[in-house]
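Take a look at the structure below.
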Protein chains: 2
Amino acid sequence: MSEGEFTVDASGKQRPTMADVAEKAGVSRALVSIVFRNQPGASEETRQRVLRVADEIGYRPDSAARLLARGRSRTLGVMFTVQQTFHTNLIEGIYPEAERLGYEVLLSGATSGRSEEKAVEALLSHRCEAVILLGSFAEPDFLDELGRRTVAVSVSRRVPHAHVDFVHSAEAKGVRQAMDHLVELGHRTIVHIDGGRGPGSAERRRAYRAAMRRHGLEAEERVIPGEHTEQSGIETGRLLLTEREEGRPLPTAVLAGNDRSAMGLLMSLTRAGVEVPRDMSVVGYDDSHLSHLMPIGLTTVRQDAGLMAEHAVRYAVERLEDPQREPREAVVEPKLVVRGTSGPPPKR
Amino acid sequence: MSEGEFTVDASGKQRPTMADVAEKAGVSRALVSIVFRNQPGASEETRQRVLRVADEIGYRPDSAARLLARGRSRTLGVMFTVQQTFHTNLIEGIYPEAERLGYEVLLSGATSGRSEEKAVEALLSHRCEAVILLGSFAEPDFLDELGRRTVAVSVSRRVPHAHVDFVHSAEAKGVRQAMDHLVELGHRTIVHIDGGRGPGSAERRRAYRAAMRRHGLEAEERVIPGEHTEQSGIETGRLLLTEREEGRPLPTAVLAGNDRSAMGLLMSLTRAGVEVPRDMSVVGYDDSHLSHLMPIGLTTVRQDAGLMAEHAVRYAVERLEDPQREPREAVVEPKLVVRGTSGPPPKR
DNA sequence: GCGCTCTACTAGCGCGCTCTAGTGCGAGTA
DNA sequence: TACTCGCACTAGAGCGCGCTAGTAGAGCGC
């Protein structure tokens with residue numbers, strides 16, 4: 001490859017174009033285009049030759065030019081929060097489903113210094129046809145406006161009346177399963193650490209209260225305010241231990257707002273000599289990779305990230321391909337995963 | 001906004017173009033372009049009017065068309081492994097630095113079903129001018145070829161002789177600090193759980209051996225093969241406990257391959273009644289958010305993700321802007337963070 | 001009056017691709 | 001022979017923008 005044979009880009013590297021391939025293969029530019037779009041209209045022989053030549057000179061279709069010409073980008077934008085492990089599970093599911101439906105995926109991360117709005121802006125200027133928001137914290141108005149401007153799907157966060165598809169898991173069912181499990185084991189004093197204004201935590205809190213009442217345990221109902229962080233679990237642990245010293249017995253079971261909170265709780269209890277599940281049962285929520293951190297495994301409620309991702313992509317694509325369609329809501333069934341941190345309550 | 005006023009995209013939504021703005025503002029398309037590129041050549045009055053009109057009709061520059069016309073995309077591609085918490089720390093640092101230098105960032109994740117090669121391919125076809133690979137596992141040949149085709153920076157993974165910039169932390173120094181800390185506390189039987197073929201683990205292993213020898217402890221040298229996962233730490237814990245039952249005393253300190261491994265170890269030890277740091281000290285590596293999971297905090301070696309990200313972006317940009325420039329290597333100083341899991345060895 | 005410069009703006013080509021509307025040609029049919 | 005038909009292929013417009021080369025007009029000195 002001699003200097004100047006192909007277009008030279010900013011870095012001084014060569015970037016061959018379709019015209020280069022066409023010339024070298026002795027065909028027209030249009031034919032190369034046909035081959036690369038896998039469309040009928042080229043003989044098998046020519047097809048092979050074009051592909052071979054393209055590979056030789058390192059040709060790679062330019063998606064910017066492609067989408068400009070095509071009018072459609074066939075690209076889904078995904079806004080996620082860097083740091084959230086559950087989002088990465090979702091992303092893992094989004095890629096294959098998008099590919100299956102013939103769409104590309106563009107990721108844009110929100111960080112402490114880069115707001116959700118900015119991340120979404122970047123996606124839109126890259127001509128994403130639809131935007132998938134993972135666990136958005138944005139204002140309802142922002143979501144609604146975005147949803148009217150383009151096709152948008154919100155995962156985990158539900159905002160009534162916003163013109164957006166929703167995909168979330170049936171928080172209430174997950175909590176109910178966990179609570180039934182604990183009650184069946186014989187627990188009565190079951191405490192809930194909630195998740196503040198985190199996605200889904202209001203629903204979980206409500207479901208906890210409902211379950212306690214359904215089992216006739218309204219007298220034992222207790223919600224400890226928290227967050228979806230390890231720190232929150234640690235603090236709750238300290239609180240419960242302090243109370244024990246003051247004479248109030250430990251609850252026999254705790255339903256944490258999520259796995260991170262459960263892990264924090266476990267750490268502080270274990271260190272104080274409280275053995276789980278002998279002295280106390282702990283149930284998490286999410287089935288994140290933290291669940292495997294305990295040698296005995298964390299009993300938790302699994303949200304099927306793969307399925308949620310699939311729904312999100314499908315909803316986006318279906319709305320793109322039928323603009324008349326109204327936004328929908330998908331509720332994915334969560335599933336209790338019983339591992340080692342739950343067992344019968346201690347005998348008194 | 002009546003139907004058909006602007007171009008209509010696949011979803012049936014309107015997508016105004018520069019021409020729409022120009023017409024409505026009563027100026028030429030070129031002038032709108034000038035305004036949006038923030039270039040001299042427009043009066044303040046016109047500038048304001050153009051911006052107002054653009055905002056009104058919801059105009060948003062199309063980055064595909066822009067980069068096609070500009071010839072340069074001013075975009076950095078970042079390949080990362082979904083699930084790796086350290087990568088998300090790096091991404092947080094990449095965004096602001098890229099913005100400061102006037103570059104956009106495109107993320108592409110490698111997952112179990114989406115290889116690094118595929119992720120990089122996607123970046124290149126989006127015309128990224130440079131590619132930043134976070135903790136790549138790719139073959140040296142792949143890296144080298146990529147580096148010759150475009151500007152590439154490898155973070156955390158060092159491949160000698162590949163035509164690529166490297167940014168990594170001084171593993172040896174980090175390990176040495178941790179080892180000196182332990183030896184100063186009085187430890188002699190210090191075991192290392194290594195990280196298999198994970199990024200940096202070969203260097204850490206070597207540095208551990210060197211430190212043991214430097215302190216005259218070659219007789220106590222012991223490397224337990226592992227991985228950079230919680231599971232690996234848990235298994236090591238089991239191994240050590242089994243050995244204790246067989247009469248071999250526990251080592252007084254363990255240097256884990258990374259934080260995840262350290263956390264797994266801590267969990268299995270704590271559950272078996274081994275108190276940290278009274279009975280054994282544990283030191284991690286990375287200072288990931290896991291370090292806060294222990295109520296007492298994990299003693300660990302911090303890799304400065306922000307600084308590493310900054311270097312990676314700067315190297316990429318500087319090579320883009322001066323193609324003559326040869327790839328460089330940045331070594332970032334790690335720093336021991338002493339928290340609660342390290343202390344003097346038990347008295348015998 | 002002339003040429004000159006400076007500011008504010010415009011005309012129009014081209015980036016690399018897709019896609020519609022063709023052309024040329026050999027085989028099949030009347 | 002004249003015609004259609006289908007296949008393999010091509011010409012060329014246009015996607016939304018950036019950018020170079022240009023123009024028109026105001027202001028200035030001489």
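What's counted below: heavy atoms across the whole structure, side chains too, no hydrogens, waters or symmetry copies. Here is the naming used below: chain letters follow the sequence lines, and residue numbers restart at 1 for every chain.
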Legend entry - N/O (side chain, A:Ser33) to phosphate O (OP1/OP2, C:dT18) under 4.0 Å: yes
Legend entry - Distance test, side-chain N/O of A:Thr17 to OP1/OP2 of C:dG16, below 4.0 Å: no
Inset, instruction - Measure from the side-chain heavy atoms of B:Leu31 and tell me the nearest of C:dC17, D:dG18, C:dT10. - result: C:dT10
Inset, instruction - Cation-pi check, B:Arg197 to B:Phe137: give yes when NZ or CZ is under 6.0 Å from the six-membered ring centre and within 45° of the ring axis, no otherwise. - result: no
Inset, instruction - When you get a sec, tell me which of D:dT10, D:dG16, C:dC17 is the closest nucleotide to the side chain of B:Ala69? - result: D:dG16
Inset, instruction - Classify the nucleic acid contact of A:Ala30 as base, sugar-phosphate or nothing, counting any heavy atom under 4.0 Å across all strands shown. - result: base
Inset, instruction - Tell me what B:Ser63 touches on the nucleic acid: a base, only sugar-phosphate, or nothing, going by heavy atoms under 4.0 Å. - result: nothing
Inset, instruction - Spell out, as yes or no, whether a donor-acceptor pair under 3.5 Å connects the side chain of A:Arg158 to the backbone of A:Phe166. - result: no
Legend entry - Closest to side chain of A:Leu68, choosing from C:dT10, D:dG16, D:dC9: D:dG16
Inset, instruction - Would you kindly give the CD1-to-P distance between A:Ile57 and C:dG16, to the nearest whole Å? - result: 13 Å
Inset, instruction - Verify the contact: side-chain N or O of B:Thr46 to OP1 or OP2 of C:dC9, cut-off strictly under 4.0 Å; return yes or no. - result: yes
Inset, instruction - Using a strict cut-off of less than 4.0 Å between a Lys/Arg side-chain nitrogen and an Asp/Glu carboxylate oxygen, indicate whether A:Arg100 and A:Glu97 qualify as a salt bridge. - result: yes
Inset, instruction - Report the residue (B:Ala65 or B:Gln39) whose heavy-atom-nearest nucleotide on DNA chain D is the more 5′ of the two. - result: B:Ala65
Inset, instruction - Decide, yes or no, whether a salt bridge links A:Asp20 with A:Lys24 under the criterion of side-chain N to carboxylate O below 4.0 Å. - result: no
Legend entry - Closest listed nucleotide, where the reference is the side chain of B:Asp62 and the choices are D:dC19, D:dG16, C:dC17: D:dG16
Inset, instruction - Whole angstrom is fine here: how far is it from CZ in A:Arg29 over to P in D:dA13? - result: 12 Å
Inset, instruction - Tell me, please, whether B:Tyr315 has B:Arg328 positioned over its six-membered ring: NZ or CZ under 6.0 Å from the ring centre and within 45 degrees of its axis? - result: yes
Legend entry - Axis deviation across the helix from C:dG1-D:dC30 to C:dA27-D:dT4, five-pair ends, to the nearest 10°: 60°
Legend entry - Flag, side chain of B:Ser108 to backbone of B:Ala119, donor-acceptor distance under 3.5 Å: yes
Inset, instruction - Please report, rounded to the nearest Å, how far the C1' atom of C:dG16 is from the CZ atom of B:Arg66. - result: 18 Å
Inset, instruction - Please determine if a side-chain N or O atom of A:Ser43 lies less than 4.0 Å away from the OP1 or OP2 oxygen of D:dC9. - result: yes
Legend entry - Protein-nucleotide distance (A:Phe36, atom CZ; C:dG16, atom C1'), rounded to Å: 13 Å
Inset, instruction - Please figure out whether B:Gly26 or A:Tyr59 has its closest DNA chain C nucleotide nearer the 5' end. - result: B:Gly26
Inset, instruction - Please report, rounded to the nearest Å, how far the C1' atom of D:dT10 is from the CD atom of A:Glu23. - result: 16 Å
Legend entry - A:Glu44 CD - D:dC7 P separation (whole Å): 15 Å
Legend entry - Sidechain-backbone polar pair: A:Arg314 side chain, A:Ala309 backbone, donor-acceptor under 3.5 Å: no
Legend entry - Options C:dC19, C:dC13, D:dG16, nucleotide nearest the side-chain atoms of A:Arg70: C:dC19
Inset, instruction - Establish, with yes or no, whether the OP1 or OP2 oxygen of D:dC19 is under 4.0 angstrom from a side-chain nitrogen or oxygen of B:Arg37. - result: yes
Inset, instruction - Kindly assign one of parallel, tilted or perpendicular to the pair A:Phe80 and B:Phe80, based on the angle between their ring planes and the thresholds 30° and 60°. - result: parallel
Inset, instruction - Starting from P on C:dC15, measure out to CZ on B:Arg72 and report it in whole angstrom. - result: 18 Å
Inset, instruction - For B:Pro61, answer base if it contacts any base atom (sugar-phosphate contacts may also be present), sugar-phosphate if it contacts only those atoms, and nothing otherwise; contact means non-hydrogen atoms under 4.0 Å. - result: sugar-phosphate
Inset, instruction - Take atom CZ of B:Arg127 and atom P of C:dC15, then tell me their distance rounded to the nearest Å. - result: 11 Å
